[in-house]
**Q** 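The structure follows.
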Amino acid sequence: MDMHSEFLALRKKIIEAEFSRMNDRQRQAVLATQGPLLVLAGAGSGKTTVLVNRVACILKYGAAYESDAVPSGLTAEDLSYLQNCLAQRSFGDERLRELLAVDAPPSWALLAITFTNKAAGEMKSRLEQMLGEQALDIWACTFHSACSRILRREIDKLELGYSRSFTIYDTDDSLRVLRECCRDVAGDDRNFANKTALPAISRAKEQNMSPAAFEAAASGDYRLQKIASVYYKYQQALRQANALDFDDMLRLTVMLFEKNPDVLDHYARRFRYVLVDEYQDTNPVQYQLISLLAGGHQNLCVVGDDDQSIYKFRGATIENILSFEKQFKHARVIKLEQNYRSTSAILGVANAVIANNTGRKSKKLWTENPDGDPVKVRRFEDEATEALFIANTILENVKDGMKFADQAVIYRMNAQSGPIEKAFVRMGIPYRIIGGHRFYDRMEIRDLMAYLCVINNPGDNLHFTRIVNAPKRSIGSATMAAVQQIAEQTGQTLYEVFLHCQEYEYFSKKTARIESFMHFMEHMRELRTEILPHELIRTVMEESGYLASLGDDEEAKSRKENLSTLISNAADYEKNADEPTLEGFLEEAALMTDIDNYDGQADTVVMMTIHAAKGLEFPAVFIAGMEEGVFPGQSVMIYPEQLEEERRLAYVGITRAKRKLNLTCAGSRMLFGATVRNRPSRFLDEIPNNLKDAQDMRPHFERPQPRRAAPAAPIRLERPGVSRPVQSKAVFAPGDTVGHGTFGRGMVLSAKTMGGDTLLEIAFDTCGTKKLMANFARLKKL
DNA sequence: AAGCTAAGCGTTTTT
DNA sequence: CGCTTAGCTT
């Protein structure tokens with residue numbers, strides 16, 4: 001064999017050896033770095049590892065695995081050096097890399113798009129472990145961060161009137177702007193903005209439809225035309241405020257690339273390799289963006305699982321993944337079907353449920369894992385009993401050596417968390433809820449962020465309106481209406497009108513107040529570049545009088561605490577950023593979410609929706625509320641086509657579990673103030689009997705039992721943990737003095753009847769106010 | 001302009 | 001059932 005072919009064979013062997021801890025298909029997906037590749041990765045198939053290794057492989061060896069190129073001046077000594085590396089399995093050093101790499105890009109030449117910031121962070125830290133510090137500069141981020149980074153540099157080239165200091169509007173902000181735009185068009189129709197216009201415009205933007213295109217498509221349909229005119233106004237309002245909503249960030253980037261081939265060329269050259277995770281959840285604009293960037297070199301790898309597509313409701317199109325092979329010619333497809341996560345029992349259940357969907361890419365997960373416990377299916381009288389069962393089982397698991405943090409309770413909607421929370425409090429189980437309210441959704445945080453937005457971008461009318469009278473400056477709706485009118489007539493921003501208020505007769509009585517406010521704002525604008533963001537926040541909240549206006553009660557205390565957290569968040573940002581700016585902090589805050597803070601360190605049970613649980617795994621999983629009307633939800637009755645998405649959601653939920661899975665439902669539950677009786681979910685029926693351990697725990701009299709010779713031992717559930725209290729107990733009323741074993745003496749502040757029990761709010765003499773359930777708290781009337 | 005009360009309404013959620 | 005918001009009152 002000549003030296004060249006010997007070298008080529010050796011190079012392949014070495015690169016393969018570095019990724020030898022994976023199965024064949026996984027390794028293929030890592031090594032096939034050239035050309036389009038679709039990885040259909042089933043749940044728990046080691047997708048994250050493949051992605052991380054693939055990025056590492058590209059950064060280290062580039063096209064080497066598939067290339068015939070041989071380094072010039074190759075010597076026999078080089079070959080024996082490589083042989084030695086292979087024998088010792090040492091792949092770390094620089095000389096080896098120099099000998100092997102072909103066209104290995106500098107680290108920043110790679111774009112890895114993930115679904116959440118958290119996934120991006122995880123990828124980076126795993127790469128850091130593998131490759132050391134040098135891997136830090138890759139663009140591993142979400143679509144939105146990538147676009148915003150590009151737009152911050154290039155938005156002027158769009159020539160649409162946006163400037164680099166643009167504000168990012170979140171959904172809430174967008175909705176407010178939209179409501180304003182609907183007022184003239186839809187008059188008193190209150191739901192129009194929320195339910196009709198917002199989804200329609202959002203869908204349009206996800207398809208990269210401009211207002212004009214939308215109007216053209218509306219041809220003759222009165223309702224659609226109405227929406228089109230709102231869309232025009234909305235876009236205009238955003239542009240005037242120099243603000244982008246989340247959809248704009250993607251759309252405008254695509255527009256930028258289409259308008260400026262040289263800009264596209266620059267980024268396409270820069271991102272010589274593009275990877276997209278969770279491809280089944282991408283929408284048409286995202287597809288456009290990817291095909292623009294990767295269209296030339298075609299080094300595009302997408303990873304996804306059509307069975308886990310659960311974001312159709314917000315514009316994700318499963319088409320992207322189903323027709324990838326048509327859109328990218330010569331695409332390779334690799335299926336990862338071996339599951340490493342779950343027991344065989346759990347996987348069997350997942351397969352059985354998802355098999356009821358049609359129109360999937362054929363794929364069947366298998367595992368070498370042991371059978372494990374059968375999946376438990378339980379039905380209870382009501383949601384409180386269900387919650388108690390979950391709490392009790394968690395405690396049993398802990399007794400068996402599991403940690404709290406190994407267990408997760410997941411559900412279809414956030415509204416289901418209440419009863420479970422209550423049971424956890426009662427049983428002393430530490431828990432955390434992910435989702436629901438975001439830190440940046442709190443009123444005081446939004447207020448302060450609004451100040452910062454205006455300081456950064458005075459044209460931001462929306463946020464200006466929010467802060468102009470917070471704290472109270474006697475600038476009410478009448479004044480604002482007048483200002484709005486002047487602004488519209490003169491084409492100025494609200495900020496500008498206020499700045500020149502002395503020119504208008506109307507404000508004569510208020511000039512002093514307005515001027516002092518504007519003077520303050522102008523001063524802050526000057527400070528913006530002189531001091532750090534966290535100092536600016538402190539200055540704003542103190543000198544605007546906002547802090548003082550909060551007052552001094554308990555609520556104010558917690559608000560002030562949140563504001564301090566905001567300051568420390570800003571300080572954290574400054575620490576991590578290369579070049580901290582106000583703009584940068586605002587951007588990070590806009591793109592940050594609750595789940596990004598979830599560290600999984602503390603030993604607590606985690607509660608979240610199934611959507612939030614995607615991508616996570618736990619040894620024990622409880623899925624609560626497996627009922628018709630809850631999961632699948634009510635809307636399936638009206639829109640049957642949504643059923644398959646619900647089933648995929650069930651599939652995602654089931655496949656979160658590694659060892660133990662409990663599916664529970666309640667015969668009746670309180671939902672939105674009314675008690676509803678639900679049948680067990682059809683998804684439970686779809687599980688073959690031999691795979692489940694099913695029992696109905698409702699009392700016999702509730703259920704007319706069909707007569708059978710030998711009843712299949714419908715076992716009555718022993719009430720979990722504490723036995724159910726007798727109903728006739730001491731009744732507590734506000735004003736009563738009570739005694740508690742641990743908390744001592746206290747006074748009842750309020751009493752609320754809840755199910756068969758009473759929730760008492762009690763002010764204890766020594767340890768503050770606590771909420772307790774009367775029947776469980778072992779209280780004595782004093 | 002600001003505070004209070006009645007009415008209405010409710011998925012899932014990432015940016 | 002609990003929260004937000006609109007509209008009404010002072």
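A, B, ... follow the sequence lines: proteins, then strands. Residue 1 opens every chain. Fair warning: this is a prediction, and the values are worked out from it, not measured in the lab.
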**Q** Would you mind telling me which of B:dT11, B:dT14, C:dT5 lies closest to the side-chain atoms of A:E646?
**A** B:dT11

**Q** Taking the ring of A:F683 and the ring of A:Y651, is the distance between their centroids below 6.0 Å?
**A** no

**Q** Whole Å only: how far is the CE atom of A:M608 from the P atom of B:dT13?
**A** 11 Å

**Q** Taking only side-chain N and O atoms of A:N194, does any of them lie within less than 4.0 angstrom of OP1 or OP2 on B:dC9?
**A** no

**Q** Answer with base, sugar-phosphate or nothing: what part of the nucleic acid does A:S635 contact at a heavy-atom distance below 4.0 Å?
**A** base

**Q** With a 4.0 Å cut-off on heavy atoms, is A:K195 in touch with a base, just the backbone sugar-phosphate, or nothing at all?
**A** sugar-phosphate

**Q** Using a strict threshold of under 4.0 Å (side-chain N to carboxylate O), is an ion pair present between A:E627 and A:R669?
**A** yes

**Q** Among B:dT12, B:dT11, B:dT15, which nucleotide has an atom closest to any side-chain atom of A:F672?
**A** B:dT11

**Q** So, does A:N469 get its side chain near the phosphate of B:dA2, meaning an N or O under 4.0 Å from OP1 or OP2?
**A** yes

**Q** Can you tell me which nucleotide in B:dA2, C:dT5, B:dT11 comes closest to the side chain of A:Q642?
**A** B:dT11

**Q** What does A:A478 touch in the nucleic acid at a heavy-atom separation under 4.0 angstrom: a base, only the sugar-phosphate, or nothing?
**A** sugar-phosphate

**Q** Counting the atoms with a prime plus P, OP1 and OP2 as sugar-phosphate, which does A:E587 contact under 4.0 Å by heavy atoms, base, sugar-phosphate, or nothing?
**A** nothing

**Q** Quick test of the criterion, 5.5 Å between centres and less than 30° between planes. Is A:F115 stacked on B:dT14 or not?
**A** no

**Q** If I compare all heavy atoms of A:M413 with all of A:L671, which pair ends up nearest, and what's the gap?
**A** CE-CD2, 3.8 Å

**Q** Suppose we call a contact any N or O donor and acceptor under 3.5 Å apart; does that hold for the side chain of A:T609 and the base of B:dT13?
**A** no

**Q** A:N320 and A:Y279: side-chain hydrogen bond (donor to acceptor under 3.5 Å, both in side chains), yes or no, with the steps?
**A** CA-CA 7 Å; A:N320 281 354; A:Y279 192 63; 4.6 Å; no

**Q** In whole Å, I'd like the distance from the CD1 atom of A:I113 to the C1' atom of B:dT15.
**A** 13 Å

**Q** Any idea which of B:dT14, B:dA1, B:dT15 is nearest the A:F246 side chain?
**A** B:dT15

**Q** For A:V636 and for A:K472, find the nucleotide of DNA chain B with the closest heavy atom, then tell me which residue's nucleotide is more 5'.
**A** A:K472

**Q** How many Å lie between CG on A:N414 and C1' on C:dC3, as a whole number?
**A** 14 Å

**Q** Which part of the nucleic acid does A:D247 contact within heavy-atom distance under 4.0 Å: base, sugar-phosphate only, or nothing?
**A** nothing

**Q** Whether A:D170 and A:R446 form a salt bridge (side-chain N of Lys/Arg under 4.0 Å from carboxylate O of Asp/Glu) is what I want to check.
**A** yes

**Q** Examine the base of B:dT11 for any acceptor or donor lying under 3.5 Å from a partner atom in the side chain of A:R412, and report the outcome as yes or no.
**A** no

**Q** Begin with the C-alpha distance, continue with both residues' side-chain angles, and end with the deciding distance and a verdict on ring-ring contact (aromatic ring centres under 6.0 Å, His included) for A:Y411 and A:H611.
**A** CA-CA 9 Å; A:Y411 33 74; A:H611 283 93; over 10 Å; no

**Q** Using a heavy-atom cut-off of under 4.0 Å over every strand shown, decide if A:G476 touches base, sugar-phosphate, or nothing.
**A** sugar-phosphate

**Q** Among B:dA2, B:dT13, B:dT15, find the nucleotide with the atom closest to the side chain of A:F313.
**A** B:dT13

**Q** Can you tell me how far P of B:dT11 sits from CG of A:L643, to the nearest Å?
**A** 20 Å

**Q** Atom CD1 of A:I150 to atom P of B:dT15: distance rounded to whole Å?
**A** 18 Å

**Q** How would you label the contact of A:S148 with the nucleic acid (heavy atoms, under 4.0 Å): base, sugar-phosphate, or nothing?
**A** nothing

**Q** How many whole angstroms separate atom NZ of A:K118 from atom C1' of B:dT14?
**A** 14 Å

**Q** Between C:dC1 atom C1' and A:E421 atom CD, what is the distance in whole Å?
**A** 15 Å

**Q** Looking only at the side chain of A:H611 (C-beta and beyond, no hydrogens), which of the listed nucleotides C:dC1, B:dT12, B:dA1 gets closest?
**A** B:dT12

**Q** Is A:L566 close to A:Y440 at the side-chain level, that is, under 4.5 Å between some pair of heavy atoms?
**A** yes

**Q** Report the nucleotide, chosen from B:dA2, C:dT5, B:dT15, that has the shortest atom-to-atom distance to any side-chain atom of A:R179.
**A** C:dT5

**Q** Starting at atom CZ of A:F439, determine the distance to atom C1' of B:dT14, rounded to an integer number of angstrom.
**A** 20 Å

